[in-house]
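Below is one structure, written out as structure tokens, with a few remarks after it.
Sequence positions, counted from 1, serve as the residue numbers for this chain. Note that ligands are numbered from 1 as they come in the structure, with each ligand's atoms numbered from 1 the same way.
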Amino acid sequence: MIAGLGPGADDYLSKQVNEALANATDIVGYITYTSRVSDRKGLTVHSSDNRCEVQRAELALNLALSGRKVVVVSSGDPGVFAMAAAIFEVLETDPKRWRDVNIEVLPGITAMLAAAARSGAPLGHDFCVLNLSNNLKPWALIEKRLKLAIEADFAMVFYNPSSRSRPLGFERTLKILKNGCSSDRPIIFARAVSTAKETINIVPLAKAKPDMADMQTIVLVGSSQTKVFFHQNRMVAYTPRSVRD
Ligand code: SAH
């Protein structure tokens, strides 16, 4: 099974995933995520570093083939910039070898949905989702997609906006946004959503700065229709359901 642990809060973990974890003999995943699974007798936890997805997928498939009940864990949803695609990628290289392995993907609440819910309803109309990390694709492709999304006036979501090894990407992203959108376009910085350290910061594009995002932040960008106002002492953002001609 390939399971999504949700954005952080236990309340957001589905019953289905909880049951899979309770029945597992082996948990496989990036150490930050495996550490969210409570240890118990009879459970073997295989934690690995962030960048070894293929080896991790192979390990999980081999364990499953040997009869173990394996759960590969990802944060949020496992199909969103996470392990599910890596498992299928490995599976496809040798379908015969893995023929007897049952695969089930158990969904989780992905970060953008938790962040959108916390900030109002910024994804109420059409939107587009980008992973800003250039670890697995060239920066030129990110830039092209970003520019086209701006042109199409999508609301946007950026996963992996910034990290210590990629300090310049988000700075460039903001420059491109500032060139293509008006200065009052709402930008939502949602950090550590659903955990004790959660912060939601909604600012106009003119005030958005590169250091407002890190690896624990998801960034939501309004479309030209997105509105921001105060309700019960907090700022909310929403994108109306319709666009008029
Ligand atoms: N599979 C995950 C995404 C993994 S990519 C999911 O569906 O949510 C990792 C990126 O997700 C982080 O850099 C950040 O942009 C975002 N993210 C994950 N959890 C988050 C949280 N609790 N709050 C804000 N952003 C989060």
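Under a cut-off of 6.0 angstrom, the local environment of CZ in R40 is crowded, with over 12 non-hydrogen atoms contributed by other residues, nucleotides or ligands. Crowding of K137 atom NZ: a count of heavy atoms from other residues, nucleotides or ligands under 6.0 Å exceeding 12.
Residues E151 and K147 are not paired through a salt bridge, judged by the lack of any N-O separation under 4.0 Å between the basic side chain and the carboxylate.
No side-chain heavy atom of K227 sits less than 4.5 Å from a side-chain heavy atom of P186.
Using a distance-only test at 3.5 Å, with no hydrogens or angles considered, a donor-acceptor pair links the side chain of R166 to the main chain of N160. Of the possible polar contacts, one joining the T239 side chain to the P122 backbone as a donor-acceptor pair under 3.5 Å is found.
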Using the rule given for side chain to side chain donor-acceptor pair (under 3.5 Å), can you reason through R97 versus N62, listing the C-alpha separation, both sets of side-chain angles and the distance that settles it, and then say yes or no? CA-CA 10 Å; R97 180 171 167 201; N62 279 329; 3.2 Å; yes
Starting from the C-alpha separation in whole Å, work towards a yes-or-no answer on salt bridge (charged side-chain N to carboxylate O under 4.0 Å, His left out) for E198 and R191. CA-CA 5 Å; E198 172 179 309; R191 187 171 190 278; over 6 Å; no
Evaluate side chain to side chain donor-acceptor pair (under 3.5 Å) for D153 paired with S224, printing each intermediate quantity in order. CA-CA 7 Å; D153 196 21; S224 67; 2.5 Å; yes
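For atom 12 (C) of ligand 1, the closest non-hydrogen atom of the protein is M215 O, 3.0 Å. Annotation: atom 4 (C) of ligand 1 to nearest protein heavy atom, F81 O, 3.7 Å. For atom 5 (S) of ligand 1, the nearest non-hydrogen atom of the protein is N160 ND2, 3.5 Å. Looking at atom 21 (C) of ligand 1, its nearest protein heavy atom turns out to be V193 N, 3.5 Å. The single protein non-hydrogen atom nearest to atom 24 (C) of ligand 1 is Q216 O, 3.2 Å, given as residue, atom name and distance. In terms of protein heavy-atom proximity, atom 11 (O) of ligand 1 is closest to Y159 CD2, 3.3 Å. Closest to atom 17 (N) of ligand 1, if we only count protein heavy atoms, is A111 CB, 3.4 Å.
Between D77 and ligand 1, at least one pair of N/O atoms sits closer than 3.5 Å. For ligand 1, the polar-atom distance check finds an N/O of V80 within less than 3.5 Å of one of the ligand's N/O atoms. Taking only nitrogen or oxygen atoms, main chain and side chain alike, S75 reaches within less than 3.5 Å of ligand 1. Residue-to-ligand polar distances keep P161 apart from ligand 1: every N/O pair is separated by 3.5 Å or more. For ligand 1, one of its N or O atoms has an N or O atom of P7 under 3.5 Å away.
Cluster membership check: V129 does not share its hydrophobic cluster with V105, using side-chain heavy-atom separations under 4.5 Å among Ile, Leu, Val, Met, Phe, Trp and Tyr.
For A190, the heavy-atom gap to ligand 1 drops under 4.0 angstrom. Between A115 and ligand 1 there is no heavy-atom distance shorter than 4.0 Å.
Close contacts between ligand 1 and A82 involve ligand atoms 1 (N) [criterion: under 4.0 Å to a heavy atom]. Within the listing of ligand 1, atoms 6 (C), 7 (O), 8 (O) sit less than 4.0 angstrom from a heavy atom of T110.
Contact annotation for A114 and ligand 1: no heavy atom of the residue comes within less than 4.0 Å of the ligand.
Taking the centre of each ring, F81 and Y159 come in below the 6.0 Å mark.
The closest heavy-atom contact to atom 14 (C) of ligand 1, among the options T217, V219, V157, comes from T217.
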